[in-house]
2 protein chains.
Amino acid sequence: MKRPTMKDVAQAAGVSLMTVSRVIAGEPGVSPDTAARVEQAVRKLGYQRNDNARNLRQKRPGTSTIGLVVDDLANPFYALMVRSIEDEAHRRGYVVLVGSTNDEPRREREVIAAFTARQVDGLIIVPTIGGHGFLKPPMEAGTQVVCVDRPARDLDVDTVTVDNRDGARGAVTHLLGHGHTRIAYLGDRYEIWTQSERYAGYLDALTAHGLAVDPDLVRHGLRSHGDAQDALAGLRVLPDPPTALFSSNDVITLGVLDGLDHPTPMAIVGFDDLPLAKQLDPPLTVVSQDPVAVGSTAANLLFARIDGDRSAPRKVVLLTRFIARRSGERPVRRLSR
Amino acid sequence: MKRPTMKDVAQAAGVSLMTVSRVIAGEPGVSPDTAARVEQAVRKLGYQRNDNARNLRQKRPGTSTIGLVVDDLANPFYALMVRSIEDEAHRRGYVVLVGSTNDEPRREREVIAAFTARQVDGLIIVPTIGGHGFLKPPMEAGTQVVCVDRPARDLDVDTVTVDNRDGARGAVTHLLGHGHTRIAYLGDRYEIWTQSERYAGYLDALTAHGLAVDPDLVRHGLRSHGDAQDALAGLRVLPDPPTALFSSNDVITLGVLDGLDHPTPMAIVGFDDLPLAKQLDPPLTVVSQDPVAVGSTAANLLFARIDGDRSAPRKVVLLTRFIARRSGERPVRRLSR
DNA sequence: GTGAAAGCGCTAACAC
DNA sequence: GTGTTAGCGCTTTCAC
């Protein structure tokens, strides 16, 4: 009924607890015979070592556990990233604790605290806009931290991001190149770093073409599919509606696409690729980022730190890829209701 | 540099270690004064309790940690399921360890062993086709196990699945209702429970209409997008090609859609809904399952067990939803190359 | 090769 | 209220 301990195994094998410890740990200096008897007792009792107890005493520090904290585990982008991080971890014999923050600083704090209380060796986090002072003590005690997807303002640690600004600039420039001048921007909360970067890219492109922003065409703070649909509806009833649209993330793109007839009556370019993008009418042009590369890069940085790398924090910026399909090439046309 | 312990806090506050323990645990019987001094020392040192050490000694059993083992964390269906389980766990103050098996019994074993070695209180697993004898000892020692998405042949535990057979039957019946008689089946490995169930549903529908299966139209073992495309290509060059197709999971549906012109030249119904399904031409008809409901149901079963429920194992079967959009209503038409 | 003793960071049980 | 002692399951250290 109770979980067997080394003591139980020792008793069953007629040896001391210490001998069992050696056999389980695969240490040398145990006669083949004794080892065999111990192994038999292990099998008979179904013994498995308690790694939490082990880590408490062991000199080599570490629990072979890392924590992964993202915005939303269900988001396809993060899901792929999580998978690639988990693969890297598994390859190295680590396990991973995961948590979603929902972009709420409070939940981020709770989740991270629960992870550090369990002595994770490192943390890969998609930081919220909240402060991260609570990370100082564990970091001083040796917990390694890597930021991914966006930097944390108050954390000077390894950070893996993509060039959001450049990606957005390319997307909007593409639209401009096809003659559009009234291009709407639909984004999530401006406070989120990726969103302000993408908005900056939008502005860059307009400015480079000598255009001014029309505030009527800019919608920040779109948190959901529904928000995006509402924003789109608002845009359509404008006296001078946009002829093209830049959507600043996958959720918003999905909302927009859901609110439009097909073939879509306006030009669209979205940030983040989508599974069926190519099969739409017209095929959806997107700025795509590689979540697997982002994840494995972050994992490699983290494990290097865990393995003792104490060099200056690295800021890795990956490039986005512009995939021109056709939705960005729609002719300039007034949007009817 | 080193992580402070209760001893350090005790020293800094000029009290005994036991008093610190009481304050940290929020136990009564400490004077407000003393408590304040301890709290100040805690803040000054950035102390955080080591929960691994705590769980070692504490009488109330448990580590407030559960393990979640799925096929592939990146799969959209599992990603949503993971998120809903994580939400339930977080609500109850639990953290979750995750791992992907890739459908490999060996990796499943490794991942689960790493989890049980860390004393998880429970496990939610999408079992591979491998045996699960290795789970017996931890289960006898009190680790609770719930299967999700499919049952494990050798495990009599709470299991949450959907009615795959019924869902597939409905899909194929829909196709038959629109006059199709040559309906292809494209599925993943038949050994996977969900796939054999869906195939059974396909057979049910044919049989109910007095039709026999044409083995030429049946393709099992499609593991990837590419496999699905290849299978589709093979189907198209048949002397008497299918006029309709039932795709047995999301990955295969994506592959098929990618290999076809649009508007699609044949009727299609897929198992699993897809984000842009509604926006395709024609909109994709699907059998949809609710990953959030599956996840939260499994989580609730698991936590009930952890909280002491010792009743007979429950087998919960959720229903699928048939979403007729239009791709299943395509007229019967010979598929050209 | 094997084992006894000490102790990792903490809490249970009992003293004062 | 507060402190002392023992001990969770294991590894370290050192003795035989």
Side-chain angles (χ1 to χ4, degrees), chain A residues 2-39 41-42 45-64 116-120 137-138 141-142, chain B residues 2-39 41-42 45-64 116-121 137-138 141-143:
Chain A
K2 258 307 262 22
R3 207 173 292 266
T5 71
M6 277 195 182
K7 208 165 136 193
D8 301 322
V9 177
Q11 190 162 6
V15 297
S16 86
L17 186 158
M18 213 26 240
T19 301
V20 178
S21 172
R22 290 195 177 97
V23 174
I24 301 288
E27 277 175 12
V30 179
S31 82
D33 261 46
T34 324
R37 274 172 42 235
V38 169
E39 272 153 15
V42 164
L45 298 181
Y47 172 77
Q48 187 185 23
R49 181 174 57 201
N50 179 335
D51 277 355
N52 290 344
R54 165 172 226 221
N55 293 328
L56 200 55
R57 191 64 178 88
Q58 212 179 209
K59 215 46 210 285
R60 179 188 82 71
T63 54
S64 295
T116 53
R118 285 169 180 75
Q119 315 300 111
V120 294
Chain B
K2 260 306 266 19
R3 209 172 290 265
T5 70
M6 277 195 183
K7 209 165 135 194
D8 301 321
V9 176
Q11 189 161 8
V15 296
S16 87
L17 188 159
M18 209 35 231
T19 302
V20 177
S21 172
R22 290 192 177 101
V23 173
I24 302 288
E27 276 175 11
V30 178
S31 83
D33 258 46
T34 323
R37 272 169 48 231
V38 169
E39 273 153 13
V42 164
L45 298 181
Y47 172 78
Q48 187 186 22
R49 181 173 57 201
N50 180 335
D51 277 353
N52 290 345
R54 168 173 224 221
N55 292 328
L56 199 55
R57 191 62 178 92
Q58 214 180 209
K59 216 41 209 281
R60 181 188 80 72
T63 55
S64 296
T116 52
R118 285 168 180 77
Q119 315 298 112
V120 293
D121 299 336
T143 308

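In what follows, chains are A, B, ... by sequence order, proteins preceding strands, each numbered from 1.
Atom P of nucleotide D/dG9 and atom CD of B/Gln119 are separated by 9 Å, given to the nearest angstrom. Following rounding to the nearest Å, A/Lys7 (NZ) and C/dG3 (P) show an atom-to-atom distance of 16 Å. Rounded to whole angstrom, the span from the CD atom of A/Gln58 across to the P atom of D/dC10 amounts to 12 Å. Between A/Arg60 atom CZ and C/dC8 atom P the separation is 19 Å, expressed in whole Å. In this structure, A/Met6 places its CE atom 15 Å from P of D/dC8, rounding to the nearest Å. In this entry the distance linking CG of B/Asn55 with P of C/dC10 reads 12 Å, nearest Å. The CG-C1' distance, from A/Leu56 to D/dG7, rounds to 12 Å in whole Å. Between B/Asn52 atom CG and C/dC10 atom P there is a gap of 11 Å when expressed in whole angstrom units.
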Report task. Evaluate the side chain to side chain contact (heavy atoms under 4.5 Å, CB included) criterion for residues B/Val30 and B/Thr19: first the C-alpha distance (whole Å), next the side-chain angles of each, then the deciding distance (0.1 Å), finally the verdict. Result -> CA-CA 7 Å; B/Val30 178; B/Thr19 302; 4.2 Å; yes

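A sub-4.0 Å separation between OP1 or OP2 of C/dT11 and a side-chain N or O of B/Arg49 is present. In this structure, B/Thr19 reaches the D/dG3 phosphate: one of its side-chain N or O atoms is under 4.0 Å from OP1 or OP2. The shortest distance between the side-chain N/O atoms of A/Thr5 and the OP1/OP2 oxygens of D/dC8 is not below 4.0 Å. In this structure, B/Arg3 does not reach the C/dC8 phosphate: none of its side-chain N or O atoms is under 4.0 Å from OP1 or OP2. Of the side-chain N and O atoms in B/Ser31, one or more sit less than 4.0 angstrom from OP1 or OP2 of D/dT2. Residue B/Tyr47 places no side-chain N or O under 4.0 Å from the OP1 or OP2 atom of C/dG9. Applying the 4.0 Å criterion to OP1 and OP2 of C/dG3, one finds that A/Ser16 has a side-chain N or O inside that range.
Set against D/dT2, D/dG9, D/dA6, the side chain of B/Arg57 has D/dA6 as its closest nucleotide. The nucleotide whose nearest atom lies closest to any side-chain atom of A/Asn50 is, among C/dT2, C/dA12, D/dC10, D/dC10.
No donor-acceptor contact under 3.5 angstrom links the side chains of A/Thr63 and B/Arg118, judged on distance only.
Listed here is the closest heavy atom pair of B/Ala25 and B/Arg54: CB-NH2, 4.0 Å.
With hydrogens and angles ignored, a donor-acceptor pair closer than 3.5 Å exists between the side chain of B/Arg22 and the base of D/dG3. Residue B/Arg54 places no side-chain atom within donor-acceptor reach of the base of C/dG9, judged by atom type and a 3.5 Å distance cut-off alone.
No more than 12 heavy atoms of other residues, nucleotides or ligands lie within 6.0 Å of CD in A/Gln11, so this atom counts as exposed by the packing criterion.
Taking for each of A/Ala25 and B/Ala53 the nucleotide of DNA chain D with the nearest heavy atom, the 5'-most of the two is the partner of B/Ala53.
The backbone N or O of B/Glu27 lies less than 3.5 Å from no partner atom in the side chain of B/Arg22, so there is not a single donor-acceptor pair.
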